[in-house]
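This report refers to the structure that appears directly beneath it.
In what follows, chains carry the letters A, B, and so on, assigned in the order in which the sequence lines appear, proteins first and then strands, with residues in each chain numbered from 1.
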Amino acid sequence: MMEKLMLQLEVDQLNAAYAAALDERRFDEWPAFFLEDGHYKVQARENFDRGLPLALIALESQGMMKDRVYGVTQTIYHGPYYTRHVVGPALVLGEQDGRIRAQANYAVFRTRPGDASEVYNVGRYIDEIVRTPAGLKLASRTCVYDSEMVLNSLIYPI
Amino acid sequence: MMEKLMLQLEVDQLNAAYAAALDERRFDEWPAFFLEDGHYKVQARENFDRGLPLALIALESQGMMKDRVYGVTQTIYHGPYYTRHVVGPALVLGEQDGRIRAQANYAVFRTRPGDASEVYNVGRYIDEIVRTPAGLKLASRTCVYDSEMVLNSLIYPI
Amino acid sequence: MMEKLMLQLEVDQLNAAYAAALDERRFDEWPAFFLEDGHYKVQARENFDRGLPLALIALESQGMMKDRVYGVTQTIYHGPYYTRHVVGPALVLGEQDGRIRAQANYAVFRTRPGDASEVYNVGRYIDEIVRTPAGLKLASRTCVYDSEMVLNSLIYPI
């Protein structure tokens with residue numbers, strides 16, 4: 001029982017820390033939420049539901065994530081915006097062979113300079129999480145988003 | 001203390017599982033979140049606050065809920081849309097005579113094909129929850145919504 | 001471990017109770033979430049990030065909060081609206097010298113009579129929390145909002 005409580009706490013804290021890093025624009029810290037060979041994918045639910053492979057973004061290592069962060073912060077020209085993640089308590093689905101399966105609904109709000117905040121991307125995190133000496137890490141996070149029309153291009157991680 | 005922690009965990013997991021079932025369109029599973037004689041009501045906060053009985057939807061058994069699901073999925077003509085529920089941690093108000101009283105704020109986002117996600121319905125779940133051998137079940141859930149102008153008709157459960 | 005679990009529970013319940021008091025318009029109860037010399041500030045993230053002092057609202061005692069509530073409910077002329085807070089599980093950052101530091105992402109939705117609900121203000125609570133015989137109280141809450149264009153004037157507490 002104690003283990004179940006602690007696991008829930010740790011998963012929710014992982015999600016809260018992940019959101020805080022992105023919303024506070026500490027993008028350099030983002031890859032460290034994953035294992036070195038961790039996977040990060042952003043996929044429309046239509047494709048996810050049908051088992052289609054097409055994804056908006058698919059990164060397969062911390063190295064690729066670092067590249068992505070570099071691209072986003074240093075090279076891609078885009079209008080600036082803030083993000084704000086509100087993530088519900090995770091649904092912890094089970095633990096097997098050291099992999100914790102969990103999912104959580106999220107809403108990401110976007111605020112552009114001089115503008116009102118707006119709903120940007122809503123969906124579900126589908127996660128595989130692993131215990132490491134440095135705490136819980138994402139072996140994989142798939143962001144399955146409902147939003148069919150992604151407002152402009154999606155620049156920052158979800 | 002341990003009991004309080006476990007109760008909070010169980011209520012939040014109930015809410016997360018409920019949201020997941022609806023958002024993943026597993027509507028057939030929805031009535032099973034309630035007791036057989038469970039009540040489900042969707043009511044404008046204006047009416048709720050004044051103690052008026054008028055509700056948008058009021059179902060008084062699992063049987064009525066099954067009917068509703070059948071109607072929604074098989075017979076009602078309506079434009080398709082996805083929902084996404086983001087529910088905050090529940091406020092567990094107490095337990096008396098085996099009834100747990102809890103409430104939680106929710107935001108439901110709607111996404112129509114080819115469109116951006118939008119705020120659909122926001123409000124508060126007011127719940128009476130009962131322990132059963134199959135886990136926590138809703139004796140009653142009242143969805144008290146702020147949204148005065150319900151976007152089109154409200155088709156799927158909140 | 002047990003302490004960590006209980007602290008998380010208490011902080012999340014504080015946030016949920018705070019949100020419920022505001023959303024249910026029990027404004028008179030709002031100052032009691034703070035210490036007598038508690039601070040409440042609402043600040044744009046641009047100013048917060050740059051360490052600038054400018055804030056939309058800055059109250060430095062329960063007395064000032066009571067004044068504010070009186071002003072909002074009795075004297076300020078404004079169009080009525082409902083609020084709905086959806087707050088994610090808090091990120092508890094640590095406890096030192098009896099001060100608990102925590103933060104949580106929030107989204108506040110607004111509903112005006114006869115209108116659809118809309119995103120009103122999103123941001124982050126940055127809190128210092130103290131244990132008292134009456135439970136956890138806010139020594140200070142800073143609401144750092146992303147929303148650059150605050151929809152009309154911000155009347156009710158965030």
Between CD on residue Glu118(C) and CZ on residue Arg110(C), distance to nearest 0.5 Å: 4.5 Å

Within this structure, what is the OG1-CG distance for the pair Thr111(C) and Asp146(B), rounded to the nearest 0.5 Å? 4.5 Å

Between Thr142(B) (side chain) and Val144(B) (backbone), is there a donor-acceptor pair under 3.5 Å? no

Could you report the tightest heavy-atom contact between Phe109(C) and Val122(B), atom names first, then the distance? CG-CG1, 3.8 Å

Indicate whether the side chain of Asn121(C) and that of Tyr106(C) have a donor and an acceptor atom separated by less than 3.5 Å. yes

Using a 4.5 Å cut-off on heavy atoms from C-beta on, say whether the side chain of Arg141(B) contacts that of Ile126(B). no

To the nearest 0.5 Å, tell me how far Met6(C) CE sits from Met2(B) CE. 11.0 Å

Taking all atoms of both residues into account, what is the closest heavy-atom pair of Ile155(B) and Arg68(B), and its distance? O-NH2, 2.9 Å

For Tyr156(C), what residues pass the side-chain hydrogen bond (donor to acceptor under 3.5 Å, both in side chains) criterion, not counting sequence neighbours? Arg25(C)

With sequence neighbours excluded, tell me which residues meet side-chain hydrogen bond (donor to acceptor under 3.5 Å, both in side chains) with Gln103(C). Glu24(A), Arg124(C)

Of the backbone (N, CA, C, O) and the side chain (C-beta and beyond), which part of Asn15(C) lies under 4.5 Å from a heavy atom of chain B, both, or neither? neither

Taking Thr83(C), Asp23(C), Asp12(C) one by one, which has the highest count of heavy-atom pairs under 4.5 Å against chain B? Asp23(C)

Over all heavy atoms of both residues, which pair between Arg99(B) and Ala139(B) is shortest? Give the atoms and the distance, please. NH1-CB, 3.5 Å

Strictly less than 4.5 Å between heavy atoms, which residues of residues 27-48 of chain B line up against chain C? Please order them by number. Arg45(B), Glu46(B)

Inter-chain contacts: residues 84-92 of chain B against chain C, heavy atoms under 4.5 Å: Val86(B), Gly88(B), Pro89(B), Ala90(B), Leu91(B), Val92(B)

Between Leu5(C) and chain B, with a heavy-atom cut-off of 4.5 Å, which part of the residue counts as in contact: side chain, backbone, both or neither? both

